[in-house]
2 protein chains.
Amino acid sequence: MSNSSNKSVTLKEVAEAAGVSVSTASRALSGKAEACRISSATEQSVREAAKKLQFSPSLLARSLRSQQTKLLGVVLPNVANPFFAAIAREITLAAEADGYSVLLTDSQENGETEARLVEQLQARQIEGLVVCPVGMDETHLCKLANQKLPLVLVDRGFDNRDLVTVTSDHQSGARIAMNELLDAGHRTIGILQGLPETLPNRERLSGVQDSLSAAGLDFDPMLIAGHHFDEASGYQAALRLLTTRPEITALFAFSNQNALGALRAAAEMGRAIPDDLSLIAFDDFPFAAYLAAPLTSVSQDVSQLGQVAAQLLLEQIRSSVPPEQKQYRIPVQLMRRSSIKNIG
Amino acid sequence: MSNSSNKSVTLKEVAEAAGVSVSTASRALSGKAEACRISSATEQSVREAAKKLQFSPSLLARSLRSQQTKLLGVVLPNVANPFFAAIAREITLAAEADGYSVLLTDSQENGETEARLVEQLQARQIEGLVVCPVGMDETHLCKLANQKLPLVLVDRGFDNRDLVTVTSDHQSGARIAMNELLDAGHRTIGILQGLPETLPNRERLSGVQDSLSAAGLDFDPMLIAGHHFDEASGYQAALRLLTTRPEITALFAFSNQNALGALRAAAEMGRAIPDDLSLIAFDDFPFAAYLAAPLTSVSQDVSQLGQVAAQLLLEQIRSSVPPEQKQYRIPVQLMRRSSIKNIG
DNA sequence: TTAAGATGCACAATCGATTGTGCAAAGGGG
DNA sequence: CCCCTTTGCACAATCGATTGTGCATCTTAA
């Protein structure tokens with residue numbers, strides 16, 4: 001009964017079944033019957049033929065003709081990372097709601113891969129693009145913006161203020177975290193940083209510095225370690241800091257994965273949390289409250305991040321002009337638990 | 001200097017720039033110069049023109065003509081869930097390596113949404129589809145398979161053995177988990193189940209039953225609670241079981257989110273883990289080892305799951321015949337930690 | 001009865017690439 | 001010198017939909 005071939009029904013076949021021309025069939029099905037003076041009898045027979053044949057128009061052909069692909073591109077450094085996955089989801093849902101489909105790609109935290117993926121997406125005539133950029137080179141992205149391709153950067157960004165960017169308020173997040181430690185009496189605080197060249201990392205370092213200056217303390221670069229947002233970096237960095245600077249009483253991990261590494265390192269060094277070492281992390285996660293030492297963290301509103309990015313992109317596509325405001329900051333929230341000991 | 005309009009360069013413009021016809025330009029650029037007797041001089045001038053104009057062929061037009069979109073579809077119940085995100089990533093990477101792009105969609109754990117998304121993807125002429133199906137209705141998916149659209153089901157599946165399916169070995173995973181509890185002397189074990197109608201859930205229940213029978217114990221349906229794989233369900237189910245059946249000494253959570261809910265419920269009931277209550281969960285996660293009671297769990301090899309699904313799909317597309325073997329089982333692994341107390 | 005206007009639909013161009021076919025010009029052999 | 005082959009490329013159809021235009025037929029009024 002049902003069509004068992006793999007090629008789909010075309011408008012031409014529908015038109016023949018209804019005994020009309022392709023153009024008439026097209027107009028009948030696209031609701032332009034009135035405007036194009038198609039008799040309702042004809043319209044009905046076309047509709048019936050389409051239903052009977054299970055006609056589904058080729059979006060490919062339609063896109064080619066209309067120059068509207070209804071496709072969005074998304075480039076993320078690691079789709080499997082729950083943080084980016086949450087962003088991907090928000091964009092996907094928002095896109096779907098607006099009739100768009102999402103081409104998802106993974107740059108594997110590699111700038112060249114990112115550039116290649118962006119070109120590939122462009123070749124597919126995407127109407128808009130969300131990127132969480134890797135590295136410090138923004139030229140390939142500026143080029144897109146110059147070509148009038150709606151573009152939104154999310155989570156990470158550049159110093160270039162011309163690109164539409166949605167990020168958490170990393171700087172005040174870091175300030176809040178540091179203040180929490182300082183208020184608890186900590187004075188020698190190790191920083192487990194992530195990818196050094198990323199904007200979030202730099203802004204967080206800046207927040208750390210702000211906080212220290214406000215407290216009249218020096219910023220000691222030797223108290224910073226780490227090179228990535230992953231567990232391994234957190235582990236190595238924590239191990240090194242705790243070994244070279246045993247007077248450290250608290251660690252500030254720039255990601256929850258870094259915190260995980262810190263947990264492992266602390267366990268190996270025989271330092272219990274929070275009694276022998278305090279810990280705070282950027283980026284909350286579901287199990288944070290159930291850890292041996294419920295982890296105090298700065299929570300990013302990832303859903304909000306994704307939603308705002310998606311809305312900015314869709315709005316940009318609709319209006320075909322970039323928004324006036326380029327920089328969007330999503331507030332963070334301190335989740336106060338019990339991984340910090342008051343040693344004041 | 002660079003093109004600042006948003007419309008891209010067409011082959012026609014390249015051809016004009018090189019002073020040749022569109023067909024010649026096409027052949028020169030697609031490496032068919034030799035075969036189509038294009039002089040190397042002409043080929044060079046076309047290539048140069050293309051480079052100068054930054055020509056990038058429209059994949060839309062190419063797809064329409066060649067009937068090859070190089071597009072894959074992926075439908076997952078919740079893209080933000082790290083488990084599904086990991087699957088999405090593996091598929092994305094494998095696809096990219098083979099020149100395919102991935103259209104990612106989120107069915108929001110809703111069968112009708114899933115069916116709608118699948119149709120939409122079909123309208124985009126995807127060449128293959130990976131679905132983690134929601135619900136028990138497989139008709140819309142069988143239809144696809146009948147239409148010769150390469151299809152792979154992942155994580156979840158149906159009793160229908162004709163659809164290519166890649167899942168963890170849920171049944172033996174559940175057996176392993178139950179045996180771990182039984183070996184530790186537990187006899188009254190509460191089950192926190194996930195979505196009841198899903199295959200993983202049913203297979204896990206089946207594994208539970210196997211294990212109990214082998215131990216000569218009865219399977220008490222009243223010891224099962226829960227309706228979803230999320231935290232809320234785990235919490236409510238655990239609360240109910242621990243209230244109505246206080247003699248329970250151990251819980252088996254069917255997902256890590258369920259386990260999280262159980263953790264919350266146990267805390268509220270004043271039952272410490274593992275001393276007052278043992279816990280084991282299906283599905284490991286990075287922080288499992290750092291919980292107050294390091295959680296023993298059955299770990300699924302999610303990457304493997306995604307990779308196998310991707311390879312099966314790509315192979316199916318290449319050979320244009322479904323594989324002979326339809327069911328693929330990925331082994332699970334017990335991660336023995338310390339959330340189970342030996343009460344033997 | 002006939003010209004003007006309304007009605008209903010088909011023809012054909014178009015989007016941007018690919019590809020089968022055909023036609024010149026150049027080259028070679030008898 | 002002519003015919004035949006090879007070389008080099010252009011023409012045109014095609015993929016499947018959308019859309020401007022034009023042509024019949026029918027209606028209505030003078």
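Values below: every heavy atom of this structure, side chains too, minus hydrogens, waters and symmetry copies. First the proteins, then the strands, lettered A, B, ... as listed; each starts at 1.
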Which pairs, protein N/O on one side and nucleotides 8-13 of chain C N/O on the other, fall under 3.5 Å?
unit_1 : atom_1 : unit_2  : atom_2 : d
C:dG8  : N7     : A:Arg37 : NE     : 3.3
C:dG8  : N7     : A:Arg37 : NH2    : 3.2
C:dG8  : O6     : A:Arg37 : NH2    : 3.0
C:dC9  : OP1    : A:Ser39 : OG     : 3.3
C:dC9  : OP1    : A:Thr42 : OG1    : 2.2
C:dC9  : OP2    : A:Ser39 : N      : 2.7
C:dC9  : OP2    : A:Ser39 : OG     : 3.1
C:dC9  : OP2    : A:Thr42 : OG1    : 3.1
C:dA10 : OP1    : A:Ser21 : N      : 3.3
C:dA10 : OP2    : A:Ser21 : N      : 2.8
C:dA10 : OP2    : A:Ser21 : OG     : 2.9
C:dA10 : OP2    : A:Thr24 : OG1    : 2.7
C:dA10 : N6     : A:Arg27 : NH2    : 3.0
C:dC11 : N4     : A:Ser23 : OG     : 2.8

Set of residues satisfying side-chain hydrogen bond (donor to acceptor under 3.5 Å, both in side chains) with respect to A:Ser101, sequence neighbours excluded: B:Arg124
Nearest heavy-atom neighbours spanning B:Leu76 and B:Ala88: CD1-CB, 3.9 Å
Side-chain H-bond candidate by donor/acceptor type, A:Ser21 with A:Ser23, under 3.5 Å: yes
C:dT14 phosphate, OP1 or OP2, under 4.0 Å from A:Gln67 side-chain N/O: no
Separation of atom CD in B:Gln68 from atom P in C:dT18, rounded to whole Å: 12 Å
A:Glu34 atom CD: more than 12 heavy-atom contacts under 6.0 Å: no
Any residue of residues 55-62 of chain A with a heavy atom less than 4.0 Å from an atom of DNA chain C: none
From OG1 (A:Thr69) to CG (A:Leu64), nearest 0.5 Å: 11.0 Å
Nearest-Å distance for atom pair CD/C1', residues B:Glu34 and D:dC9: 16 Å
Selection residues 79-93 of chain A - residue pairs positive for salt bridge (charged side-chain N to carboxylate O under 4.0 Å, His left out), sequence neighbours left out: A:Arg89-B:Asp106
side-chain contact (heavy atoms from CB on, under 4.5 Å) partners for A:Pro200, two or more places apart: A:Asp155, A:Arg156, A:His170, A:Thr198, A:Arg204
Under 3.5 Å donor-acceptor pairs involving side-chain atoms of residues 111-121 of chain B, not counting sequence neighbours:
unit_1   : atom_1 : unit_2   : atom_2 : d
B:Glu114 : OE1    : B:Val134 : N      : 2.7
B:Glu114 : OE2    : B:His140 : NE2    : 2.8
B:Arg116 : NH1    : A:Glu96  : OE2    : 2.4

What donor-acceptor contacts under 3.5 angstrom involve side-chain atoms of residues 44-52 of chain B, with partners at least two apart or in another chain?
unit_1  : atom_1 : unit_2  : atom_2 : d
B:Ser45 : OG     : B:Thr42 : O      : 3.0
B:Arg47 : NH1    : B:Ala28 : O      : 3.3
B:Arg47 : NH1    : B:Glu43 : OE2    : 2.5

Atom pair distance, as rounded to whole Å: CG in A:Leu53 and P in D:dA17: 12 Å
Inter-axis angle, terminal five-pair segments of the helix from C:dT1-D:dA30 to C:dG30-D:dC1 [nearest 10°]: 70°
Qualifying salt bridge (charged side-chain N to carboxylate O under 4.0 Å, His left out) pairs, either residue in residues 313-324 of chain A, two or more places apart: A:Asp98-A:Arg318, A:Glu315-A:Arg318
For atom CD of B:Glu16 and atom P of C:dG16, their distance in whole Å: 12 Å
Any A:Ser66 side-chain N or O less than 4.0 Å from OP1/OP2 of D:dT18: no
Phosphate-side-chain proximity, A:Lys32 and D:dT19, N/O vs OP1/OP2 below 4.0 Å: yes
Pairs meeting criterion salt bridge (charged side-chain N to carboxylate O under 4.0 Å, His left out) with involvement of residues 59-68 of chain B, two or more places apart: none
Atom-pair distance (CG on A:Leu29; P on D:dT18), nearest Å: 8 Å
Pairs involving residues 127-138 of chain A, ordered by first then second residue, that meet salt bridge (charged side-chain N to carboxylate O under 4.0 Å, His left out) (sequence neighbours left out): none
Grab the N/O contacts between the protein and nucleotides 24-29 of chain D below 3.5 Å, and write none if there aren't any.
none

Nearest-angstrom distance from the residue atom CZ of A:Arg124 to P of C:dC15: 22 Å
Atom pair CG (A:Leu313) and CG (A:Leu153), whose distance is rounded to the nearest 0.5 Å: 11.0 Å
B:Ile317 side, atom CD1; B:Lys70 side, atom NZ - distance, nearest 0.5 Å: 8.0 Å
